[in-house]
Amino acid sequence: MVEVVDPGVVKSGGYKYEDGTRYVGEWNSKGQKHGMGHLLLPDGTRYDGSLAAGMCSGLGVMAFPDGAKYEGEFMQGWFHGHGVFWRADGMKFEGEFRGGRVWGLGLVTFSDGSNGFPRNEGFFQDCKMVRRKRCPEVVQRAQKVAYMARAQCQQV
C-alpha cells in the first residue's frame, strides 16, 4: 500500500537526468515531479518549492548562478502572482509578476536602498513602469508571499 501525502503524490525519491538536471522530491503516478521538491539545473539554477505535473507551481524559491533570486508564486514554470525578485547587483522588485515578467503593481528598490526620485512605484508592464501609483498593500502582499515561500522551503 502506498501512503498518499498530498493528493496526486504517490512517492518520494530522486532522479538524475541525462542533461545533468537533478531532482529530489515527490512524484505523481505519471512519473512527474509533483508536490514538494528540490530541482538543480545543469547551469546551477536551483528551485526549492512546490511542483505540479512536472512544473514549478505554487510557492517556491529560485536562485540563479549569478546571485539573482526570486521568492514567491509560480504557475506552470513561470514567476506568476506576488513575489520578490532580487537582481545580482542588489536591486529588487516587490510586487506582481505575470508569465515570468514584472507585470502589475510593485516597487523597485535600488542597491543603495533608495526607490529613486521620483519613486519607482506603480504599474509595470513587461518590466517597464507605465504609471506611477502608491501600492503599499501589494508590496506588503509580495513580502508576505516571499516569506511564506522561504519558510515552506526551510521545512522540507
Side-chain angles (χ1 to χ4, degrees), residues 4-9 12 14 21-28 32-41 43-156:
V4 177
V5 180
D6 184 12
V9 172
S12 295
T21 298
R22 295 172 186 251
Y23 175 72
V24 176
E26 299 172 327
W27 303 81
N28 67 16
Q32 297 171 315
K33 299 176 283 296
H34 191 89
M36 292 301 296
H38 306 281
L39 187 63
L40 181 61
L41 301 177
D43 70 356
T45 300
R46 180 185 172 113
Y47 175 77
D48 296 295
S50 181
L51 297 105
M55 302 179 94
C56 303
S57 212
L59 294 178
V61 175
M62 188 170 278
F64 299 91
D66 69 354
K69 181 168 75 169
Y70 173 79
E71 298 174 341
E73 296 173 306
F74 288 79
M75 186 174 80
Q76 296 181 343
W78 298 102
F79 304 164
H80 195 89
H82 292 83
V84 179
F85 182 83
W86 289 266
R87 287 190 347 189
D89 65 5
M91 187 171 123
K92 75 177 172 182
F93 177 80
E94 302 164 290
E96 298 173 319
F97 296 79
R98 297 288 177 265
R101 310 284 291 175
V102 170
W103 201 297
L105 294 170
L107 171 67
V108 172
T109 303
F110 296 100
S111 57
D112 66 1
S114 75
N115 303 110
F117 186 81
R119 188 175 171 91
N120 286 286
E121 182 177 23
F123 186 80
F124 292 77
Q125 191 169 344
D126 200 21
C127 303
K128 294 182 176 79
M129 185 165 30
V130 294
R131 186 175 65 252
R132 292 190 192 287
K133 178 183 179 185
R134 296 290 292 201
C135 55
E137 65 290 336
V138 172
V139 173
Q140 284 181 330
R141 171 88 174 134
Q143 292 168 344
K144 182 178 179 180
V145 167
Y147 172 80
M148 290 175 5
R150 199 169 44 252
Q152 172 184 278
C153 292
Q154 290 171 351
Q155 290 178 351
V156 175

Backbone N or O of Asn115 within a donor-acceptor pair of the Asn120 side chain at under 3.5 Å? yes
If you measure from NZ on Lys33 to CE on Met55, what distance do you get to the nearest 0.5 Å? 9.5 Å
Test of understanding: with ring pair (Phe, Tyr, Trp, His ring centres under 6.0 Å), list the residues that count as partners of Phe93, not counting sequence neighbours. Phe97, Phe124
How long is the span from the CZ atom in Arg134 to the CG atom in Leu105, to the nearest 0.5 Å? 12.5 Å
Closest non-hydrogen atoms of Ala142 and Gly95, given as atom of the first, atom of the second and distance, are CB-N, 3.4 Å
Applying side chain to side chain donor-acceptor pair (under 3.5 Å) as the test, list every pair that has at least one member in residues 137-149; sequence neighbours left out. Glu94-Gln143
The reported gap from CZ in Arg46 to SG in Cys153 (rounded to nearest 0.5 angstrom) is 9.0 Å
May I ask you to test the Ser111-Met91 pair for a side-chain heavy-atom distance under 4.5 Å? no
Check step by step if side chain to side chain contact (heavy atoms under 4.5 Å, CB included) holds for His38 and Tyr47. CA-CA 6 Å; His38 306 281; Tyr47 175 77; over 6 Å; no
Side chain to side chain donor-acceptor pair (under 3.5 Å) involving Arg101 - partner list, sequence neighbours excluded: Asp126
Tell me the closest heavy-atom pair linking Met36 and Leu51, and the distance in Å. C-CD1, 4.4 Å
Can you give each donor-acceptor pair under 3.5 Å made by side-chain atoms of residues 56-71, sequence neighbours left out, with the distance rounded to 0.1 Å?
residue	atom	partner	partner atom	Å
Asp66	OD1	Ala68	N	2.9
Lys69	NZ	Glu71	OE2	3.3
Tyr70	OH	Glu73	N	3.3
Tyr70	OH	Glu73	O	2.9
Glu71	OE1	Arg150	NH1	2.3
Glu71	OE2	Arg150	NH1	3.3

Mind checking the OG-NE2 spacing from Ser50 to His34? Nearest 0.5 Å is all I need. 7.5 Å
Please round to the nearest 0.5 Å and tell me the distance separating atom CZ of Phe74 and atom NE2 of His80. 12.5 Å
Phe123 and Met129, any side-chain heavy atoms less than 4.5 Å apart: no
Restricting to pairs with a member in residues 109-120, which pass salt bridge (charged side-chain N to carboxylate O under 4.0 Å, His left out), not counting sequence neighbours? Arg119-Glu121
The salt bridge (Lys or Arg N to Asp or Glu O under 4.0 Å) partners of Arg132 (sequence neighbours excluded) come to none
Which heavy atom of Gly72 sits nearest a heavy atom of Val145, and at what distance? CA-CG1, 3.8 Å
